[in-house]
Amino acid sequence: MKENKVLYIIPVMFCFFAMGFVDLVGIASNYVQKDLGLKDSTANIFPSLVFFWFLIFSIPTGMLMNKIGKKKTVLFSLIVTVISLLIPLFGENFTIMLISFSLLGIGNALMQTSLNPLVSLVISGGQLASTLTFGQFIKAIASFLAPYLAMWGAIAMIPTFGFGWRILFAIYFVVGILAALFLFVTPIEEEKIEGKPSSFADCLRLLGKPIVLLSFIGIMCHVGIDVGTNTTAPKLLMERLGMTLNEAAFATSLYFIFRTVGCFTGSFLLRVISNRLFFAISVVMMILSMLGMFFGTSKIVLYTAIALVGYGNSNIFSMVFAQALISVPEKKNEISGLMIMGLFGGTVFPLFMGFASDAIGQIGAVAVMIIGVLYLITYIKKVRK
């Protein structure tokens with residue numbers, strides 16, 4: 001298998017694209033909020049609900065991989081994901097969207113926990129972080145396309161078959177099926193798990209290792225900032241520049257465009273400069289972006305701030321995840337489950353941001369994200385050079 005890595009990486013990268021479907025929750029929640037007339041705190045339940053399931057399913061998924069293998073677990077995650085994308089095509093009431101976003105979160109929790117270790121079967125050693133980053137680049141393509149597809153559907157620039165902005169779900173439903181078929185026909189040899197499988201308690205005990213715990217919190221902050229920007233950026237433009245939702249939807253695409261560029265360039269830069277230096281540069285960009293979003297009142301300042309956080313936050317996950325995997329290499333599945341459980345930060349941050357923005361406007365939501373950036377500053381010294 002090592003001699004033909006490309007043949008195995010291509011279908012896996014196709015799955016990374018499907019992993020990016022979860023990021024449609026940001027723009028989708030904005031359209032649902034508009035259509036159903038919801039407050040920020042209520043609308044933010046949708047992204048929070050998506051990432052809540054990471055807390056519940058991440059560690060059990062790590063244990064499931066030990067029993068049925070990584071490939072079968074990824075295939076199962078794709079099945080759950082395509083079902084979640086099918087449901088909104090039957091309507092748009094509050095209950096339907098709650099069920100859809102719940103299944104989307106469950107499918108993504110299964111996928112993120114199992115797909116990263118699947119990559120480690122083909123790529124190992126020093127190239128793992130850069131390969132995971134390239135996977136995040138592929139994922140980001142799906143992420144930045146989502147707002148455009150929803151916007152084009154909303155203004156009928158593409159055939160919508162009566163779905164309006166929800167045509168986004170139909171398009172990704174088809175792509176999800178293709179990803180599952182592509183992976184299904186690809187033979188991937190997996191290593192045998194020796195010894196007694198880890199229990200739920202064994203996985204949690206790994207948090208007793210300082211680097212594992214700190215990495216877990218780091219991923220919570222990364223995804224909190226990611227989901228927070230994804231959801232808040234359009235609202236920020238609407239509040240300060242008076243834009244409509246269709247106009248402000250570009251902010252989410254701008255974030256993911258720069259996150260995509262960041263992942264692509266990061267996959268090369270991480271091969272030539274130290275992880276610690278690149279991590280520090282990324283955090284500095286995020287600091288500047290938070291200042292811009294907190295104080296900015298002009299289009300250029302706000303757009304620049306959104307672009308900076310997109311690029312700066314693009315490689316944090318891969319570097320933190322790789323640090324954790326390298327720290328306990330004999331427990332890849334369990335560590336993967338723990339790290340993906342850290343995506344629960346996507347539940348915590350939007351909830352607090354929703355309450356803060358209802359109270360004092362979007363500046364309150366930005367203040368919550370700043371807390372996450374401050375933590376990442378402290379993580380810099382933990383990154384191996």
Once you round to the nearest 0.5 Å, how far does CG of L36 lie from CD of E92?
5.5 Å

N/O donor-acceptor pair under 3.5 Å between K71 side chain and T186 backbone
yes

What do the steps show when you test L78 against C15 for side-chain contact (heavy atoms from CB on, under 4.5 Å), and what is the final call?
CA-CA 8 Å; L78 287 167; C15 293; 4.0 Å; yes

Does the side-chain contact (heavy atoms from CB on, under 4.5 Å) test come out yes or no for W152 and L168, once each step is laid out?
CA-CA 9 Å; W152 289 337; L168 164 67; over 6 Å; no

Taking side-chain hydrogen bond (donor to acceptor under 3.5 Å, both in side chains) as the definition, give me every residue that meets it alongside S327, ordered by chain and number, with sequence neighbours left out.
none

Any idea which heavy atoms bring C263 and S314 closest together, and the distance?
SG-O, 3.4 Å

Look at the side-chain heavy atoms of Ile, Leu, Val, Met, Phe, Trp and Tyr, link any pair under 4.5 Å apart, and say whether V12 and F264 land in one connected group.
yes

Taking the side chain from D23 and the backbone from A142, do they hold a donor-acceptor pair closer than 3.5 Å?
no

Hphob cluster co-occupancy, L183 + I68, side-chain heavy atoms under 4.5 angstrom:
no

Could you grab the distance from atom CG of L149 to atom CG of L24, nearest 0.5 Å is fine?
10.0 Å

F355 CZ: over 12 foreign heavy atoms closer than 6.0 Å:
no

Test item: I27 and T231 side chains (from C-beta on) under 4.5 Å apart, heavy atoms
no

Report, as yes or no, whether the 6.0 Å neighbourhood of atom CZ on F94 holds more than 12 heavy atoms from other residues, nucleotides or ligands.
yes

Which pair of heavy atoms, one from V32 and one from M97, lies closest together, and at what distance?
CG2-CE, 3.9 Å

For residues W165 and D35, is any side-chain donor paired with an opposing acceptor at under 3.5 Å?
yes

I371 reachable from I287 in the ILVMFWY side-chain graph, under 4.5 Å edges:
no

Go through the steps for R276 and I380 under the test side-chain contact (heavy atoms from CB on, under 4.5 Å), then give the verdict.
CA-CA 6 Å; R276 181 180 294 179; I380 293 176; 4.1 Å; yes

Heavy-atom donor-acceptor pair, R166 side chain to P88 backbone, under 3.5 Å:
yes

Any chain of hydrophobic side-chain contacts (each under 4.5 Å) joining L115 to L64?
no

How long is the straight-line distance from OG1 of T113 back to CG of L338, given to the nearest 0.5 Å?
9.5 Å

If we only count heavy atoms from C-beta on, is the V74 to S77 side-chain gap below 4.5 Å?
yes

Tell me whether the count of non-hydrogen atoms from other residues, nucleotides or ligands lying under 6.0 Å of CZ in F17 goes above 12.
yes

For M19 against K139, the heavy-atom pair lying closest together:
SD-CD, 3.6 Å

If you measure only the distance, is there a donor-acceptor pair under 3.5 Å linking the side chains of S289 and Y311?
no

Indicate yes or no: at least one non-hydrogen side-chain atom of W53 is less than 4.5 angstrom from one of L104.
no

To the nearest 0.5 angstrom, please state how far the CZ atom of F57 sits from the CG atom of L343.
14.5 Å

Is the backbone N or O of S41 less than 3.5 Å from a side-chain atom of D358, with the two atoms forming a donor-acceptor pair by type?
yes

Check: M290 and I225 side chains under 4.5 Å, non-hydrogen atoms:
yes

Counting C-beta onward and ignoring hydrogens, is there a side-chain heavy-atom pair between F169 and L86 closer than 4.5 Å?
no

To the nearest 0.5 Å, tell me how far M286 CE sits from I377 CD1.
9.5 Å

Sub-3.5 Å donor-acceptor pair from the side chain of T378 to the main-chain atoms of Y375, do we have one?
yes

Do S282 and N315 have side-chain atoms, one donor and one acceptor, less than 3.5 Å apart?
no

Write down the atom of V328, the atom of K209, and the distance for their closest heavy-atom approach.
CG2-CD, 3.6 Å

Student check: side-chain heavy atoms of L38 and F46 closer than 4.5 Å:
yes

Treating S84 as the side-chain partner and L103 as the backbone partner, does any N or O pair qualify as donor plus acceptor under 3.5 Å?
no

Is E239 reaching over with its side chain to a backbone N or O of Q362, donor-acceptor style, under 3.5 angstrom?
yes

Do you reckon V185 sits in the same ILVMFWY cluster as I177, going by side-chain contacts under 4.5 Å, direct or chained?
yes

Can you name the nearest heavy-atom pair linking I363 to I360, along with the distance?
CG2-O, 3.6 Å

Would you say S357's side chain and M353's backbone share a donor-acceptor pair under 3.5 angstrom?
yes

One pair to check against side-chain contact (heavy atoms from CB on, under 4.5 Å): F295 and V301. What are the steps and the verdict?
CA-CA 9 Å; F295 295 107; V301 171; over 6 Å; no

When rounded to the nearest 0.5 angstrom, what distance separates CE in M369 from CG in N313?
10.0 Å

Is Q112 close to F317 at the side-chain level, that is, under 4.5 Å between some pair of heavy atoms?
yes

Donor-acceptor contacts under 3.5 Å from residues 241-251 side chains, at least two apart:
{"residue": "T244", "atom": "OG1", "partner": "E247", "partner atom": "N", "Å": "3.3"}
{"residue": "T244", "atom": "OG1", "partner": "E247", "partner atom": "OE1", "Å": "3.4"}
{"residue": "N246", "atom": "OD1", "partner": "Y31", "partner atom": "OH", "Å": "2.6"}
{"residue": "E247", "atom": "OE1", "partner": "T244", "partner atom": "N", "Å": "3.0"}

If you define the side chain from C-beta out and look only at heavy atoms, does anything of L376 sit under 4.5 Å from F279?
yes

Backbone N/O of V25 and side chain of S29: donor-acceptor pair under 3.5 Å:
yes

So if I apply the side chain to side chain contact (heavy atoms under 4.5 Å, CB included) rule between F54 and each of I340, I219, T347, T61, which one comes out positive?
I340

Looking at F76, I'd like to know if its CZ atom is crowded, meaning that more than 12 non-hydrogen atoms belonging to other residues, nucleotides or ligands lie closer than 6.0 Å.
no

Side-chain donor/acceptor pairs under 3.5 Å, residues 252-262, sequence neighbours excluded:
{"residue": "T252", "atom": "OG1", "partner": "N230", "partner atom": "O", "Å": "3.3"}
{"residue": "S253", "atom": "OG", "partner": "F144", "partner atom": "O", "Å": "3.3"}
{"residue": "Y255", "atom": "OH", "partner": "D226", "partner atom": "OD1", "Å": "2.5"}
{"residue": "R259", "atom": "NH1", "partner": "D226", "partner atom": "OD1", "Å": "2.5"}
{"residue": "R259", "atom": "NH1", "partner": "D226", "partner atom": "OD2", "Å": "3.1"}
{"residue": "T260", "atom": "OG1", "partner": "A140", "partner atom": "O", "Å": "3.3"}
{"residue": "T260", "atom": "OG1", "partner": "F256", "partner atom": "O", "Å": "2.6"}

Give me the atom names and distance for the closest heavy-atom approach of F14 to L178.
CE2-C, 4.1 Å

